[in-house]
Protein chains: 2
Amino acid sequence: MPEPVPGGPLSLRVPALAELELLLAVARLGSLGQAARALGISQPAASGRLRALEQRLGVRLVRRSPGGSRLTDEGALVSEWARKIVEAAEAFDAGARALRGRRDSRLRVAASMTIAEYLLPGWLVALHAGHPGTAVSLAAGNSATVAGQVLEGAADLGFVEGTEVPAGLDRAVIGHDRLLVVAARPHPWARRRIPVPAAEVAATALVLREPGSGTRQVLDAALAPYGGPAAPLLELASTTAVKAAAISGAGPAVLSELAVAEELAAGRLTAVPVAGLDLARALHAVWPAGHRPAGPARDLLSLTRRPRDRPS
Amino acid sequence: MPEPVPGGPLSLRVPALAELELLLAVARLGSLGQAARALGISQPAASGRLRALEQRLGVRLVRRSPGGSRLTDEGALVSEWARKIVEAAEAFDAGARALRGRRDSRLRVAASMTIAEYLLPGWLVALHAGHPGTAVSLAAGNSATVAGQVLEGAADLGFVEGTEVPAGLDRAVIGHDRLLVVAARPHPWARRRIPVPAAEVAATALVLREPGSGTRQVLDAALAPYGGPAAPLLELASTTAVKAAAISGAGPAVLSELAVAEELAAGRLTAVPVAGLDLARALHAVWPAGHRPAGPARDLLSLTRRPRDRPS
DNA sequence: CCCTGGTCATAAGGCCAGGTTATTACCCGA
DNA sequence: TCGGGTAATAACCTGGCCTTATGACCAGGG
């Protein structure tokens with residue numbers, strides 16, 4: 001059982017989003033009063049909020065002067081960390097809005113779990129920035145249900161992983177996903193520069209998602225010619241749990257590159273080169289055959305389409 | 001009073017961290033009451049919070065039953081988005097704690113801005129997980145000041161970018177950073193598979209950080225043999241502003257790969273292959289010559305060291 | 001059979017965080 | 001010297017959110 005958070009819940013130690021937004025607004029606009037107006041609060045409220053923020057952190061974030069306010073060096077650093085939170089909150093909001101508007105939305109999207117988790121929020125933020133009026137609704141499921149909803153007309157646009165697309169749907173490749181074998185630094189595979197043979201991967205106990213999950217199916221199929229995957233070291237029900245296990249050194253894991261991009265960049269995990277395995281799968285947008293996406297669906301699609309991948 | 005932001009500030013539309021933490025705790029522990037205890041609040045408070053969260057989102061997140069509570073499909077999706085926010089908040093907290101504890105900390109770290117922004121919070125989270133007692137203080141600055149602080153004994157461990165390390169310091173390579181030329185999809189460079197010649201990069205107006213910034217210095221030096229960088233298309237004071245400009249299609253930009261890892265993974269930006277330019281720079285940990293890091297400094301160092309890079 | 005221990009929801013009461021308005025102080029440029 | 005910008009302080013008030021107390025429901029065991 002993981003620790004129930006030493007030092008109390010995060011929410012007591014991390015400033016509220018409103019305070020972080022204020023800091024960013026001050027950084028952007030150069031004055032407390034303007035930032036206050038931008039957030040729809042009074043100037044004294046902004047002054048108080050910022051003072052509370054500085055007191056909680058024990059650091060001076062802003063150099064006030066009659067004529068404006070400017071971030072200190074520490075303030076710049078803190079505001080970058082804060083920006084990460086705010087960006088995650090924007091993605092959350094974009095996703096939540098889409099999830100909320102059930103029937104009456106102008107653009108109904110259905111997406112597979114992986115795409116809905118990692119890609120869609122970013123697209124929706126961009127869509128909202130470019131086409132503010134667009135209301136989107138979202139249904140998430142596996143590839144089969146997504147295809148079904150698009151076929152039935154319950155969704156205007158679908159996003160699926162995997163290679164087979166049912167008849168009756170047109171599709172466009174919007175990107176590629178790839179399962180990666182990843183390992184934390186203590187593991188020998190993390191030092192490999194010479195690719196690990198596929199047969200060795202197939203014979204090794206790995207940290208995996210549970211059977212039935214999309215990534216597990218792809219892996220099982222890819223490893224079948226080599227004797228199938230060995231009995232898993234751990235079988236976990238969520239991508240995050242698999243990541244955590246791999247990072248803590250339980251053993252090598254197999255995950256979508258979308259899920260581990262950040263860990264790879266920060267060096268918490270290393271991609272293990274593998275020889276003779278094709279774990280790539282295309283990401284497709286799908287829509288009813290013949291009905292080329294128009295209006296909002298076209299807007300969204302144009303945000304997602306990669307230039308080198310043309311629709312069929 | 002008007003609201004200049006469409007839909008009002010994020011803080012009014014995104015649930016507070018406490019609510020997101022609760023959702024994750026429920027997902028992890030399987031019951032409202034246990035989650036409440038883990039967060040140190042009463043069970044009715046948890047019930048109320050969760051109800052408020054579901055009402056705000058307009059979606060049922062949890063299936064209650066006598067015997068426990070389980071996430072719905074939408075709940076699983078929302079909790080993944082929430083997890084992103086909470087992880088960003090954990091990184092913020094780790095950084096903020098380090099920034100706050102000024103003198104009395106057991107481990108004093110000095111780091112360059114880029115490392116302090118993108119890498120250090122993750123390390124501190126990991127350090128806190130592995131060695132809960134460690135108190136860390138952080139000073140951020142450019143590479144020269146970091147080296148100075150370590151030399152003076154004002155910091156136990158330093159992290160710098162760049163190749164030159166002053167005498168009197170031992171160092172270990174802990175990773176590599178690389179400036180990338182990035183472009184959004186509309187730009188022709190985003191479709192290039194054949195590398196762009198360095199001379200063409202040097203002749204093209206780019207979106208850049210302001211002169212004096214670390215990344216700008218590296219770029220200027222690298223492009224000098226080819227006639228130096230052309231007059232910038234835009235000169236912006238923050239990494240985020242440069243990213244935003246590039247994503248919105250202003251033109252190609254040059255940024256640290258640490259700063260754009262997420263945008264590359266999500267396809268919002270594309271790395272442009274460039275021929276004949278070496279924009280890589282090693283990331284070093286540094287400490288006073290002869291005094292091999294011990295205790296907390298060693299703990300932190302072991303979290304950051306990549307296996308294929310051995311200390312001198 | 002019913003008691004016990006687990007789940008969760010509802011009700012009533014109280015506290016305090018954070019907002020508001022009004023006012024003061026400061027600085028700069030016209 | 002006066003207006004328009006900056007930010008800070010004071011006094012007041014509202015309402016969100018927590019607490020405790022209680023009730024309904026369900027499963028398992030004596």
Side-chain angles (χ1 to χ4, degrees), chain A residues 1 4-5 8-57 59-72 75 79, chain B residues 1-5 8-57 59-72 75 79:
Chain A
M1 182 164 307
V5 184
L10 222 49
S11 39
L12 293 181
R13 298 179 305 172
V14 175
L17 275 125
E19 298 178 45
L20 304 180
E21 273 190 291
L22 175 64
L23 180 65
L24 296 181
V26 170
R28 180 160 35 89
L29 300 173
S31 113
L32 277 193
Q34 287 184 40
R37 276 195 295 281
L39 299 186
I41 62 176
S42 68
Q43 173 267 321
S47 176
R49 264 193 206 172
L50 191 59
R51 198 160 47 81
L53 179 59
E54 288 179 321
Q55 269 183 350
R56 182 196 316 244
L57 300 184
V59 174
R60 236 208 168 31
L61 301 174
V62 166
R63 271 190 26 219
R64 287 99 159 146
S65 78
S69 294
R70 196 108 200 101
L71 292 186
T72 63
S79 76
Chain B
M1 193 164 300
E3 19 182 285
V5 180
L10 222 48
S11 39
L12 294 181
R13 297 179 304 173
V14 175
L17 275 140
E19 299 177 44
L20 304 180
E21 272 189 292
L22 174 64
L23 180 64
L24 296 181
V26 170
R28 179 160 39 90
L29 301 174
S31 115
L32 277 192
Q34 288 184 39
R37 277 194 294 282
L39 298 186
I41 61 176
S42 69
Q43 173 267 321
S47 176
R49 265 193 204 171
L50 191 60
R51 199 160 45 80
L53 179 59
E54 288 180 321
Q55 269 185 348
R56 184 197 314 246
L57 300 184
V59 175
R60 219 171 172 70
L61 302 174
V62 166
R63 269 190 28 217
R64 286 99 160 146
S65 79
S69 294
R70 194 111 203 100
L71 291 186
T72 63
S79 77

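A, B, ... follow the sequence lines: proteins, then strands. Residue 1 opens every chain. All of these numbers come straight from a predicted model, not from anything done at the bench.
The shortest side-chain heavy-atom distance between A/Leu22 and A/Leu53 does not fall under the 4.5 Å cut-off. B/Arg49 has its side chain within reach of B/Leu39: a pair of non-hydrogen atoms, C-beta onward, lies under 4.5 Å apart. Side-chain contact between A/Leu29 and A/Arg37 is absent, with no heavy-atom pair separated by less than 4.5 Å.
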Checklist outcome for this item: Protein heavy-atom contacts under 4.0 Å, written 5' to 3' over nucleotides 2-11 of chain C as B (base), S (sugar-phosphate only) or - (none), form the string -----SBBB-
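Counting only distance, with no hydrogens or angles, the side chain of B/Arg28 and the backbone of B/Ala35 share no donor-acceptor pair below 3.5 Å. B/Gln34 places no side-chain N or O within 3.5 Å of a backbone atom of B/Gly68 that could act as its donor or acceptor partner. Remark: side-chain polar atoms of B/Glu21 are paired, donor with acceptor, to backbone N or O of A/Leu10 under 3.5 angstrom.
Atom CZ of B/Arg70 is surrounded by 12 or fewer heavy atoms from other residues, nucleotides or ligands within 6.0 Å.
Under 4.0 angstrom from either OP1 or OP2 of C/dT20 there lies at least one side-chain N or O belonging to A/Ser42.
Using a 4.0 Å cutoff to heavy atoms of chain B, the contacted part of DNA chain D runs 5' to 3' from D/dC18 to D/dC26.
Interatomic distance, CZ of B/Arg63 versus OG1 of B/Thr72, reported as 9.0 Å (0.5 Å rounding).
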